[in-house]
Trainee: 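One structure, as structure tokens, below. Some questions next.
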Amino acid sequence: MTNSIWWDDEDSCPCLGRRFLDQEESTTNEGSLWQIIYMCFVLLYMLVALLSDRVGADAVMIVSLTLCMAAGIVTIDEGLEGFSNQGLLSVMALFVVAQGISVTGALDWYMGKLLGTPTTEAGAQLRLMIPISIVSAFINNTPVVVIMIPIVQRWGKNVGISPSQLL
């Protein structure tokens, strides 16, 4: 069996990519090292700020995005492009609704009646699982979690079960 090449020019072999390896990359950035170092500092800032919990996560992310746009790592169009996504906008609107429900306690009484007073942790988890899974079938999970966390924490304290066992 002989070694035959199916294409005319060996340099154009798509599997070896020699044509592409021999050419100099025109996309290399002179400032790529400083960008890597800069992003390490931005990520470190984000980690410390999120772990300290002194500032809201939304503010930390906006400041980080602004730092990246100011340094030219992310263009302004790229930085703002994500906010035009309809899915993101709908989830953001649901976060506003969830915050209103949490602050007013509008669902506390209803959820307390619906969930009742279980005697065991397993019973409490089962009572939580059924209504939350039904709601999650129709609404995005993220706002459901945001709405339910304070409700579950208060309900757990009221029935004498540690909220950490329910979340």
Side-chain angles (χ1 to χ4, degrees), residues 27-29 31-167:
T27 59
T28 57
N29 232 343
S32 62
L33 179 62
W34 77 266
Q35 289 175 341
I36 293 171
I37 294 170
Y38 186 84
M39 279 308 302
C40 286
F41 281 115
V42 170
L43 290 173
L44 182 65
Y45 153 75
M46 285 175 56
L47 179 68
V48 169
L50 290 171
L51 289 177
S52 70
D53 204 26
R54 293 182 185 177
V55 181
D58 55 343
V60 173
M61 297 300 169
I62 292 290
V63 168
S64 301
L65 177 63
T66 305
L67 290 171
C68 292
M69 288 191 301
I73 295 172
V74 175
T75 66
I76 294 175
D77 289 339
E78 291 171 341
L80 298 177
E81 186 176 337
F83 294 108
S84 67
N85 185 328
Q86 288 182 351
L88 175 70
L89 292 175
S90 64
V91 170
M92 287 173 58
L94 287 173
F95 271 113
V96 172
V97 171
Q99 185 65 23
I101 290 171
S102 297
V103 170
T104 61
L107 287 180
D108 286 346
W109 185 81
Y110 295 109
M111 289 303 291
K113 293 293 181 190
L114 176 69
L115 298 174
T117 53
T119 55
T120 64
E121 290 176 2
Q125 291 171 349
L126 184 64
R127 288 180 186 217
L128 276 173
M129 192 179 346
I130 293 169
I132 291 175
S133 61
I134 292 170
V135 170
S136 292
F138 301 102
I139 299 176
N140 190 330
N141 290 337
T142 306
V144 171
V145 170
V146 170
I147 291 171
M148 292 305 295
I149 284 177
I151 293 171
V152 169
Q153 287 175 335
R154 287 189 289 264
W155 178 68
K157 287 179 184 175
N158 289 342
V159 296
I161 296 175
S162 172
S164 64
Q165 296 296 317
L166 300 174
L167 295 175

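Excluded from the calculations below are hydrogen atoms, water molecules and symmetry mates; all remaining heavy atoms, backbone and side chain alike, are included. Keep in mind it's a predicted model, so treat the numbers as computed, not measured.
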Trainee: Could you check whether any side-chain heavy atom of Ser64 comes within less than 4.5 Å of a side-chain heavy atom of Val60, counting everything from C-beta outward?
Mentor: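 Yes, side chains in contact.
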
Trainee: Between Thr75 and Met69, does the side-chain contact (heavy atoms from CB on, under 4.5 Å) criterion hold? Intermediate values first, please.
Mentor: CA-CA 6 Å; Thr75 66; Met69 288 191 301; over 6 Å; no

Trainee: What are the two closest heavy atoms between Ser136 and Val144, and how far apart are they?
Mentor: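 Here Ser136 and Val144 meet closest at OG-CG1, 3.9 Å.
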
Trainee: Restricting to non-hydrogen atoms, name the atom on Thr104 and the atom on Gly100 that form the minimum distance, rounded to 0.1 Å.
Mentor: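 Reported closest heavy-atom pair: OG1-O, 2.9 Å.
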
Trainee: Donor-acceptor check, side chain of Gln165 to backbone of Ser162, threshold 3.5 angstrom: yes or no?
Mentor: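 No; zero donor-acceptor contacts below 3.5 Å.
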
Trainee: Please check: side-chain N/O of Trp155 versus main-chain N/O of Gly116, any donor-acceptor pairing under 3.5 Å?
Mentor: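 Checking the backbone N and O of Gly116 against the side chain of Trp155, a donor-acceptor pair under 3.5 Å is found.
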
Trainee: Which distance, rounded to the nearest 0.5 Å, do you find between the CE of Met129 and the CG of Leu166?
Mentor: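 Here the rounded value is 11.5 Å.
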
Trainee: For Glu121 and Ile161, work out which heavy atoms get closest and say how close.
Mentor: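 Closest approach of Glu121 to Ile161, heavy atoms only: CG-CG2, 3.8 Å.
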
Trainee: Of the non-hydrogen atoms in Ile62 and Phe83, which two are nearest, and what is the gap between them?
Mentor: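 Taking every non-hydrogen atom into account, CD1-CZ, 4.0 Å.
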
Trainee: Is there a side-chain contact between Met111 and Arg154 in this structure, where contact means two heavy atoms from C-beta onward sitting under 4.5 Å apart?
Mentor: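 Heavy-atom side-chain distance check fails, nothing below 4.5 Å.
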
Trainee: To the closest 0.5 Å, what do you measure between CG (Leu115) and CD1 (Ile132)?
Mentor: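 These two atoms lie 7.5 Å from each other.
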
Trainee: Would you indicate whether the side-chain heavy atoms of Pro118 and Leu126 approach each other to under 4.5 Å?
Mentor: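 No, side chains not in contact.
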
Trainee: What distance separates Cys40 SG from Gln35 CD, expressed to the nearest 0.5 Å?
Mentor: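 Rounded to the nearest 0.5 Å, the SG-CD separation comes out at 12.0 Å.
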
Trainee: How many angstroms lie between atom CG of Leu65 and atom CG of Leu80, to the nearest 0.5 angstrom?
Mentor: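 Nearest 0.5 Å value for the CG-CG distance: 7.0 Å.
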
Trainee: More than 12 heavy atoms of other residues, nucleotides or ligands under 6.0 Å from CD1 of Ile76: yes or no?
Mentor: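 Result for CD1/Ile76: open.
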
Trainee: When rounded to the nearest 0.5 angstrom, what distance separates CZ in Phe41 from CE in Met46?
Mentor: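 Separation between the atoms: 15.5 Å.
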
Trainee: Grab the two heavy atoms, one from Val42 and one from Cys68, that are nearest each other, plus how far apart they are.
Mentor: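 Answer, listing the atom of Val42 first, then Cys68: CG1-SG, 4.3 Å.
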
Trainee: So which heavy atom on Glu78 is nearest to which on Ile73, and how close?
Mentor: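 Taking every non-hydrogen atom into account, OE1-O, 4.5 Å.
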
Trainee: Go through the steps to decide whether Leu50 and Met61 satisfy the test side-chain contact (heavy atoms from CB on, under 4.5 Å), and finish with yes or no.
Mentor: CA-CA 9 Å; Leu50 290 171; Met61 297 300 169; 3.6 Å; yes

Trainee: Would you call Val63 and Tyr45 a side-chain contact if the rule is heavy atoms closer than 4.5 Å?
Mentor: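 Side-chain contact under 4.5 Å: yes.
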
